[in-house]
Amino acid sequence: MHARRDLADGAALAAAVFAVAVTYGILAVHPWSHVPLNEFLATFGRANAAAWPAQIVWYLAAVAMVGLAFWPTGRSSQLISVLAAAYFAWIGIGYFVWLAPGIGLSSAWAAVFTLQAVLLLVAGVARSDLVIRPRRDLASALGGVFIAYALIGYPVIGLLGGHPLRDLPVFGLAPCASVTFFFGLLLWARPPVPKYVLLVPLAWALTAAPPDMAAGVAADYGMLVVALIATGLIIWRDRAWTPTWETVAGGLLLALMIAWSGHDNILIGLAVVLVAAVLVEAITGRLRQPQERTTPRMGRAS
């Protein structure tokens, strides 16, 4: 029985892997339409100048989140969730509304990123379902690598490409670095991770990656890899806490979202609908205490 369930779970995630190969193979042959790289970076140059010194504030907030994860207090996970929520709200309002209102569907993305802030408050504060505690395992190790990539890799790759730091998309301003950091943070969370907090960052990663990669933004190759690895690993790791049909549905929905990479309107709509469905199920369920999250349900392979 366990082998049959694992086969079904693995087949769903294999569909996502196949979708990656086909979708991005096609994009390699027929690149997505994009703005020139210099024009893309000039937008960030103006935004970086207007937002300064907010970047320093958010880097300090990121350091605080990492510190609270490694040296937890009684409410460290709640504090991490509040800081992450504040950052998503800043990106939604500060970046999409104030600094870069001309981006395609910027108003919709502003609303969606602000929604993500609300979801983090629900998961991390109201329900205490998001418990950030790194462990000595593969997921936590990858989470640390992904967080370092978001904070350090993004500017380093840009500098190695010959671009000045003032024109680079960096954590504290760029949505791409933000979601990369957040996926790393989720890999530090105790399973099962509330799936509704995955959908908005995944929708952004799959929307932004094709045009950014076509424009030559090398760091966003990493964002795509981080998003796919983190989402797939969380779905697979958390299968012991969820019914088989939920794991299979998660893998197939991941494949579907990958297949629609680059389509803002479809991914925004799909993410919002899925968030609503999963959030209703979560809210109507009983509140789970953090200690209940460490033991998988009986009858499933661990």
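Everything quoted here is computed from the prediction, not taken from an experiment. When reading the values below, keep in mind they use all heavy atoms of this one structure, side chains included, and skip hydrogens, waters and symmetry mates.
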Aromatic contact, F182 with Y87 (centres under 6.0 Å): no

Minimum heavy-atom distance A123-V197, with the two atoms named: CB-CG1, 4.0 Å

Centroid-centroid under 6.0 Å between F181 and Y154 rings: no

Centroid-centroid under 6.0 Å between W188 and F146 rings: no

Side chain proximity check, D129 to V122, heavy atoms < 4.5 angstrom: no

Minimum-distance pair of heavy atoms, taken over all atoms of G262 and L267: N-CD1, 4.1 Å

Side chain proximity check, V112 to V275, heavy atoms < 4.5 angstrom: no

Atom pair CG (N48) and CG (L168), whose distance is rounded to the nearest 0.5 Å: 8.0 Å

Residue pair M65 / I80, side-chain heavy-atom distance below 4.5 Å: yes

Side-chain (D264) to main-chain (T207) donor-acceptor, under 3.5 angstrom: no

Verify same cluster id: L151, W52 (apolar side-chain graph, 4.5 Å): no

Y59 side chain vs G172 backbone, donor-acceptor pair below 3.5 Å: no

Gap between atom CG of L142 and atom CD1 of I147 - 0.5 Å precision: 11.0 Å

L41: partners by side-chain contact (heavy atoms from CB on, under 4.5 Å), with sequence neighbours left out: L37, H163, D167, P169

Closest heavy-atom pair and its distance - A255, A19: O-CB, 3.6 Å

Min side-chain heavy-atom separation I93-W98 under 4.5 Å: no

R75, CZ atom: more than 12 neighbouring heavy atoms under 6.0 Å: no

Note, I229 side chain near F183 side chain (heavy atom, < 4.5 Å): no

Side-chain touch V118/F88, heavy atoms, less than 4.5 angstrom: no

M223 backbone acceptor or donor facing Y149 side chain under 3.5 Å: no

L206 vs L224 side-chain heavy atoms within contact, under 4.5 Å: yes

Nearest heavy atoms of A15 and L252, plus distance in Å: CB-CD2, 4.1 Å

Polar side-chain atom of S261 near backbone of I258 as donor-acceptor pair, under 3.5 Å: yes

Minimum heavy-atom distance between L159 and P164, given as atom pair plus value: CD2-C, 4.4 Å

R136 backbone acceptor or donor facing S140 side chain under 3.5 Å: no

F113/W204 aromatic ring centres below 6.0 Å: yes

Spacing of F171 atom CZ and W58 atom CH2 [to the nearest 0.5 Å]: 8.0 Å

Salt-bridge contact D137-R237 (side-chain N to carboxylate O under 4.0 Å): no

Heavy-atom side-chain contact between L68 and I132 under 4.5 Å: no

Donor-acceptor side-chain pairing of R133 and S76 below 3.5 angstrom: yes

Closest approach of G10 to W236 (non-hydrogen atoms, all atoms of both residues): N-CZ3, 3.6 Å

Flag, side chain of W241 to backbone of V193, donor-acceptor distance under 3.5 Å: no

